[in-house]
Each structure stands twice: as C-alpha cells, then as structure tokens.
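Okay, so here's the structure we're looking at.
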Amino acid sequence: MPDSSFEAYRLLWCFQALASAAIGGRYDATGLAHASLIAVVAATPSRPLWAAAAAVRVGATVSKVPAVWDSMYWQLMTDAALLWCLATSQPFSRLQATVRAQMAVFYAASAFWKLNTSFLDPRTSWRLGLRPAQHAALYAPAAAPWAVAVAPAATLAVEALVALALAAAPRAGGALRAAFHGAICATPPPNNVATFALSVAPQLALFAPRVDAALVRPATAARRGRVARAARARRARAPQRWASVAYVALLGPILRALRRRGGDAPARPNRVFVAAALVYASTPCLGVLELGAPNMYANLRSHGGGGNHLLLPTGLLPDFFRDAAGSVFFGGEVVVEATTSASMRDAYPGDLTSTLEPPGVVDLLGAAGAPTRFFNAAKRRVLGFDGVAPADRAFAPFAVPALELRRAIADARGTGAFELTYARGDRRVAVSFDRGGAVARCRVAERGRRRDCADDEVALLPPPPYWARKLLLYLPYPVLDGDGGEVTCFGP
C-alpha cells in the first residue's frame, strides 16, 4: 500500500485521540502534554513522533488497569500493532491485515459470550431489552413488549453477522460495523455509549481497500478544532453526545473509503497480535478478567461456578482454586447481604436505575415483564465515585468472589466504622470494623451454631496482593427475588 494510506490513518488516529482527550481526558499537566504531542503528530508526518504518541497512550491505558472498558483493551491491542508497524517499518498492509484480524476476533467473542441463558431470556437480558424499550418510549410505547422480546436474539444475530463480515467481506463488514455503532450512539442514556464507537472508529478505515490522505485531510482538519472546543465546553454535561458528534465527523471520509474497490491485497497478519487477541477473547472462560472482557452486555456469569454459557464453562481458575489455602482465589463466591459502609454501597452493586431515560421507560419495562432495576458497578469503577446520588445508593444483595470482597473491605477501611454480613456456602458471617479499619468482632453462624471466625475467614484475610488488585477485578451480580439464579439487570 502507498504511504498515503499510512498518512490517512495517522490523521484519523489523531482526530480520534484529540476528540477523546477533549471529551473525557485529563486536564492536568500530563494530559495536556499528551494532547499537545498528538496535535504535533497531526500536523507533522513523522513516524517517530507518532510512535511516541501511541506509546504514551498505551502506557496511559495500562496504568488505568483494571478500571478500563473493553473498548480500551481493543484500542490498546490495536495501538500495540501500530507501534510494531512503526518501529519495524512494516508496510501499511501488515497493519491493515493485523488489525482486521484483531477486530474480527473481538466482535466474534462479543457475540459468542452472549450465547448464555441469562442473555437469551428477555426477562433477564434487560440491558439489551432496555435499548428498544427506550426507543419505544420515545416513538411507539405500544411496541415495547415486542421490542424487549426480540432484542436479545436480534442483537446476537447482528454482532455475529458483523464478525463474519469483518472476516469474510471487509468492506461490507466495515460498513455494517459503522451502522451498528451509529445505532448505539442514537440510543438514550445510559446506553448511548458513543465513546466506545469513537474509540474504535479509526480502525474502520483499515477495512477499506485503501485510504488516501487527500480524502481524509480536509474532513479532519475542518472538524477537529470545532469538535474539540465544543466537547471541552460541554463534556461534563454530555460526554456521550459529543462523542457521537466526533464519531459522525469521522464517518464521512471512512464511508467514502469503504465505497472504493480495488487496492493491494492485505498481507498476512502478525500471528503474535492475533494470538494475543484470542487469549483476551478466552478470558471469561479462564475467569481472569471480567471488567474489560469482550462480553459487553452479555449477562455472562464469570464467577460462582459452572457459569451460564451454553457451550463453555466460565471462571475455571477461580473455581479450581477456591479451596486452595493461600491462593488468591481461596474462598469461592460470597453473597453480601448487608453493609453499613458508605464506600462499599457506593461501589456495589451499582444501582443506576435513576439515570435511565426517557421518562416512563421503567414503566414500559415493567409492563413488558422485564425487571425494573438497572445495575452497572463497572461504570462506577471506571468513571469514579464522586457525586454518587442518594438514589443510586439503593442496596441489593450481591454475589462476588471472595477475592473481590477482600478488595471491597480494603477500600472501606479507614472510611469509618462499619458492619458487614455475608453468606459463604452454608455459613453466615457477621463482621464489625472499628473506625480505624480493624476487626472489632467476627462471628459465624452455621447449622444453628455460632462461633468466632477462624483465621482463614475471608473477612480476616489480608488485602489482595498488588498484582491481583491490578489484574483481577470482578463485578457484583445483584441477587434479586425471582431471578431464578440468572444474571439480571446487569451491565456492562
């Protein structure tokens, strides 16, 4: 491929990076320095500078782990492929082939992990049922029950079709993927995750046979400053809205490129990066990644034993080592029944029902037989806990691995005295912590008898080691009356 394609991808990459920084980036010295570097890269066709900017973004993403979205992992791995191409002077066709393979794996995994009982049942696949219900509330309230019923199967079919098209018919797959994310951008909050669409938009251009810098430069130059200024002014109020604006701004030149035919045939993808994508896609099976895994909106049970997937087990490593003393996975799964810790209630289980739009959508869901509470603890983890509304502190029992409970206790220590009650198998544990975070009392009730906690009780174990806190973050599953053991009302 000619260098013009690399130049075009550089412009798209820089536009996306600057727009994302303006919408949700850091405004400290580090963030401004990185944004300045990207601006220089946008104006200067220097591959070493571009590699430096990509390396800084890779490092910034790694520093945020484990509180990162799946789209950030996708961006991380495609940026790593870009760095390899820039550092080793690979032709554009190698980048094109590698990123195509990576994205096909990501979308295939997203569809595959939705093959589970909780997702396919409209009564529990609420996050996906919510999207059509939101549109129905706006345009056709009477259609809400039908929309909720067909949403899971329709979403699975579309994602599977996107993955197949990306692998077999790149131009068609790129166009279908662009439309898919465009539909998501048009959904009312909190499902309008336009930041996801924006983060993976430049890679769409790699599914075109070729991309000319002359096609991209006028569009990105005209819109870059306007989008950045508008987003900075309004990002605190409507970040997803401005991410949608930036995404649409990128679509023009990308769709024009996807309409073109011909061009050089892509080279073979780099096997190392494709293998890394496959390992990442398998993390729900292994049980070593939940927040950030390629199972968005899947209602997949990744911990608790067995799982709910129709074809593969999930959480294999935590389940295998649940009784191994000294293992980070020791203790299995626990169900937190009550706590007085404000810190813990902010983070778990993450009731965000009050954020749903438009007005009346919750009533439509109830009329359609769907649950009427929505939880998304991941959003709290990634975006922070400042400004958590009282309505979003509504508590519900939740299930987490013992490892995650140890993290929660460590985070709650030092925030004041609190009490905690949880069930672990047949035993019920009640723990009191004093103002300094020390255990004041720990009692176990089991088979009608009460006793003091043993030294290996989960609440008495030390905080997880640094590497486990960095790499193993699990999400709470709400335990609600009538859920039948399924994962319900749960995001992302």
Indicate every side-chain donor-acceptor pair of residues 315-327 with a distance under 3.5 Å to a residue at least two apart or in another chain.
unit_1, atom_1, unit_2, atom_2, d
D319, OD1, R322, NH1, 3.4
S327, OG, F329, N, 3.0

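Residues S199 and Q75 are in side-chain contact: their nearest non-hydrogen atoms beyond the backbone lie under 4.5 Å apart. Two residues are said to be in side-chain contact when any heavy atoms from C-beta on lie closer than 4.5 Å; Y422 and V334 meet this criterion. When side chains are defined from C-beta on, L472 counts as touching V328, because their heavy atoms get closer than 4.5 Å. Using a 4.5 Å cut-off on side-chain heavy atoms (C-beta onward), Y280 and Y73 make contact. The shortest distance between side-chain heavy atoms of M344 and L420 falls below 4.5 Å. Q96 has its side chain out of reach of Y9: every pair of non-hydrogen atoms, C-beta onward, lies at least 4.5 Å apart. When side chains are defined from C-beta on, L166 counts as touching V162, because their heavy atoms get closer than 4.5 Å. Side-chain contact between M103 and T98: absent, with no pair of heavy atoms (C-beta onward) separated by less than 4.5 Å.
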task = Let me see the working for T339 and F395 under side chain to side chain contact (heavy atoms under 4.5 Å, CB included), right down to the final yes or no.
result = CA-CA 9 Å; T339 182; F395 184 80; 3.9 Å; yes

request  = Please assess Q203 against T78 for the test side-chain hydrogen bond (donor to acceptor under 3.5 Å, both in side chains), listing each intermediate value before the final yes or no.
outcome  = CA-CA 8 Å; Q203 294 88 330; T78 56; 2.9 Å; yes

ask   = When you look at W113 and Y297, which way does the ring pair (Phe, Tyr, Trp, His ring centres under 6.0 Å) test go after all the steps?
value = CA-CA 10 Å; W113 291 118; Y297 309 139; over 10 Å; no

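Here R428 does not pair with E446 in a salt bridge; the nearest charged N to carboxylate O distance is not below 4.0 Å. A salt bridge links E457 to R424: at least one charged side-chain nitrogen sits closer than 4.0 Å to a carboxylate oxygen. A salt bridge links D411 to R469: one of the charged nitrogens lies within less than 4.0 Å of a carboxylate oxygen.
Below 30°, between 30° and 60°, or above 60°: for F112 and H309 the angle between ring planes is between 30° and 60°, a tilted geometry. Taking the six-membered ring where tryptophan is involved, the planes of F433 and F418 are essentially parallel, since the angle between them stays under 30° and well short of 60°. Note on ring orientation: taking the six-membered ring where Trp is involved, the planes of F398 and Y348 are parallel (angle under 30°, cut-offs 30° and 60°).
Atoms OG1 and NZ, on T155 and K114 in that order, are 7.5 Å from each other to the nearest 0.5 Å. Considering CE of M72 and CZ of R57, their distance stands at 9.5 Å, rounded to 0.5 Å. Here the OG-CG distance, from S302 to L289, works out to 8.5 Å after rounding to the nearest 0.5 Å. Between the OG1 atom in T117 and the CG atom in N308 there is a gap of 4.5 Å [rounded to 0.5 Å]. Once rounded to the nearest 0.5 Å, the distance linking CD1 of I409 with CZ of R406 reads 9.5 Å. Going from atom CG of D79 over to atom OG1 of T61 covers 7.0 Å, rounded to the nearest 0.5 Å.
Side chains of S20 and Q16: a donor-acceptor N/O pair is present below 3.5 angstrom, by distance only. A side-chain N or O of S110 and one of E159 form a donor-acceptor pair less than 3.5 Å apart. Donor-acceptor pairing under 3.5 Å is lacking for the side chains of Y477 and R301. Side-chain contact of T340 with E419: a donor-acceptor pair under 3.5 Å is absent, judged by distance alone.
Every pair tested for ring-ring contact (aromatic ring centres under 6.0 Å, His included) that includes a residue from residues 443-469 fails, sequence neighbours excluded, so the list is empty.
Heavy atoms only, all atoms of each residue included: D70 and M296 are closest at OD2-CE, 3.0 Å. Residue A111 comes nearest to L156 through the heavy atom pair O-CD1, 3.1 Å, listed as atom of the first residue, atom of the second, then distance. Taking each heavy atom of A101 and V274 in turn, the nearest pair found is CB-CG2, 3.7 Å. Contact record, C285 with P313: SG-O, 3.4 Å, taken as the closest heavy-atom pair. Scanning all heavy atoms of the two residues, the minimum distance from A246 to L198 falls at CB-CD1, 3.8 Å. Between T415 and S343, the shortest heavy-atom distance links the atoms OG1-CB, 4.1 Å.
Applying the salt bridge (Lys or Arg N to Asp or Glu O under 4.0 Å) criterion to R441, with sequence neighbours excluded, gives no partner residue.
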